[in-house]
Amino acid sequence: TTVAQALRCVSHVKQGKACSQADMKATILLLDTALKTSRRGLRATKKALTSSDNMVTRLLAKIGL
């Protein structure tokens with residue numbers, strides 16, 4: 001229901017109409033969850049990149065470059 005309510009609120013806003021308080025709350029909660037998920041993904045990606053960079057550096061050092 002939260003996603004459906006959020007989409008309904010977005011649809012109303014695009015039409016220039018007001019959202020109900022429940023739909024607005026659902027939209028805010030959905031945005032908050034999306035932001036947290038995005039930040040978590042970014043941290044994981046940065047960690048993987050650092051790990052890969054370290055691995056390449058170690059391999060280059062082993063072959064003497």
Side-chain angles (χ1 to χ4, degrees):
T1 16
T2 303
V3 174
Q5 288 172 316
L7 292 174
R8 184 171 42 240
C9 184
V10 169
S11 175
H12 282 211
V13 168
K14 284 182 178 179
Q15 295 172 9
K17 299 178 183 176
C19 292
S20 70
Q21 186 173 358
D23 290 349
M24 185 63 74
K25 182 179 177 182
T27 304
I28 292 168
L29 291 174
L30 189 64
L31 283 171
D32 181 56
T33 302
L35 180 62
K36 288 177 184 175
T37 301
S38 174
R39 286 180 176 161
R40 196 172 18 243
L42 178 62
R43 278 194 306 268
T45 302
K46 283 183 178 180
K47 185 176 179 181
L49 178 61
T50 301
S51 177
S52 296
D53 187 44
N54 290 340
M55 181 177 60
V56 169
T57 302
R58 286 193 318 268
L59 287 171
L60 290 174
K62 282 186 179 189
I63 62 172
L65 294 177

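Counting from 1, the numbers follow the sequence of the chain as shown. Just so you know, these numbers come straight off a predicted model, no measurement behind them.
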ask   = Does a sphere of radius 6.0 Å around CD in Gln15 hold more than 12 heavy atoms from other residues, nucleotides or ligands, not counting ones at 6.0 Å or beyond?
value = yes
Interatomic spacing from [atom1] in [X] to [atom2] in [Y] - rounded to 0.5 Å:
X	Y	atom1	atom2	value
Gln5	Leu29	CD	CG	9.5 Å
Leu49	Asn54	CG	CG	9.5 Å
Arg8	Ser20	CZ	OG	6.5 Å
Thr50	Met55	OG1	CE	12.5 Å
Asp32	Thr27	CG	OG1	12.5 Å

Is Leu31 reachable from Met24 through a run of I, L, V, M, F, W or Y residues, each pair having side-chain heavy atoms under 4.5 Å apart?
no
I'd like to know if the side chain of [X] and the backbone of [Y] have a donor-acceptor N/O pair within less than 3.5 Å.
X	Y	answer
Ser51	Lys47	no
Ser11	Leu7	no
His12	Lys17	no
Ser38	Ala34	no

- Message: Checking Arg40 against Thr37 for the side-chain contact (heavy atoms from CB on, under 4.5 Å) test, could you report, in this order, the C-alpha distance in whole Å, the side-chain angles of both residues, the deciding distance, and whether it holds?
- Response: CA-CA 5 Å; Arg40 196 172 18 243; Thr37 301; 3.6 Å; yes
